[in-house]
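Side chains are part of it too, since the values below use all heavy atoms of this structure and drop only hydrogens, waters and symmetry mates.
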Amino acid sequence: QVQLVESGGGLVQAGGSLRLSCAASGRTFSNYYMAWFRQAPGEEREFVARITRSGGGTWYEDSVKGRFTISRDNAKNTVYLQMNGLKSEDTAIYCCAATSSTTDVRLARNYEYWGQGTQVTVSS
């Protein structure tokens with residue numbers, strides 16, 4: 001089992017920044033690909049970003065490219081999501097997820113472990 005706990009969400013004005021953190025415990029953190037997903041009210045869960053086990057490779061959903069940066073610190077068992085230039089449409093609950101799978105990185109069903117999420121609200 002892997003336990004994931006997110007933090008860092010909050011209320012921010014449009015154009016502002018937030019950094020989300022996801023602390024992992026349980027099995028060896030560096031064995032897992034990590035990702036961030038988000039879900040807005042009434043919407044499907046949406047892929048945001050993913051990072052390889054070493055941190056050397058990343059993927060992003062098109063709407064966040066150039067604004068969001070995913071990173072990880074395997075020594076601290078933590079994955080981060082730096083969010084800059086926030087827009088009202090970024091408002092959602094953000095969850096981190098872990099998987100040992102390398103297929104379909106954008107599909108939530110391919111992730112084995114999930115955190116509870118942290119709320120991000122962007123006011124316009």
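- Residues T118 and G9 share a closest heavy-atom pair of OG1-N, 3.1 Å.
- Although no hydrogens or angles enter the test, the distance criterion places a donor-acceptor pair under 3.5 Å between the side chain of Y111 and the main chain of V105.
- Salt-bridge formation is detected for the pair R38/D90: a Lys NZ or Arg NE/NH1/NH2 atom is positioned less than 4.0 Å from an Asp or Glu carboxylate oxygen.
- Aromatic ring orientation, Y94 versus F68: tilted (interplanar angle from 30° to 60°).
- In this structure, Y60 contributes its side chain and I70 its backbone to a donor-acceptor pair below 3.5 Å.
- Remark: the backbone N or O of R53 is paired with a side-chain donor or acceptor of N74 at under 3.5 angstrom.
- The nearest pair of heavy atoms linking S124 to S88 is CB-CB, 4.4 Å.
- A pairwise comparison of heavy atoms in V79 and C96 identifies CG1-CB, 4.5 Å as the closest pair.
- L81 is connected to F29 through a chain of hydrophobic side-chain contacts under 4.5 Å among Ile, Leu, Val, Met, Phe, Trp and Tyr, so both are in one cluster.
- Summarising the local packing, CZ of R27 is surrounded by 12 or fewer heavy atoms from other residues, nucleotides or ligands at distances under 6.0 Å.
- Here the shortest heavy-atom pairing between V64 and V48 reads CG2-O, 3.7 Å.
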Discussion item. Test side-chain hydrogen bond (donor to acceptor under 3.5 Å, both in side chains) on S100 and E112; report intermediate values, then the result.
Written reply: CA-CA 8 Å; S100 55; E112 303 158 57; 2.8 Å; yes
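- Considering Q119, E6, Q116 in turn, Q119 is the only one that fulfils the side chain to side chain contact (heavy atoms under 4.5 Å, CB included) rule with I93.
- Side-chain N or O atoms of N110 include one that pairs as donor or acceptor with a backbone N or O of T103 at under 3.5 Å.
- Side-chain contact check for W59 versus T52: some heavy-atom pair is nearer than 4.5 Å.
- Here the side chain of R72 pairs no donor or acceptor atom with the backbone of G55 at under 3.5 angstrom.
- Looking at T78, its side chain never comes within 3.5 Å of a backbone N or O of A23 through a donor-acceptor pair.
- Looking at W36 and M83, their side chains never come closer than 4.5 Å, going by heavy atoms from C-beta outward.
- Criterion: ILVMFWY side-chain heavy atoms under 4.5 Å apart, direct or through other members. Under it, L20 and V2 are part of a common hydrophobic cluster.
- L4 and A24 make their closest contact through CD2-CB, 3.6 Å (heavy atoms, listed as atom of the first residue, atom of the second, distance).
- Note that OG of S30 is 8.0 Å distant from CG of N77, once rounded to the nearest 0.5 Å.
- Note that CD of Q1 and OG of S25 are 10.5 Å apart. Values are rounded to the nearest 0.5 Å.
- For the pair S17 and G85, the tightest heavy-atom approach, listed with the atom from each and the gap, is OG-N, 4.4 Å.
- Annotation: cation-pi geometry satisfied between R50 and Y33 (NZ/CZ under 6.0 angstrom from ring centroid, within 45° of ring axis).
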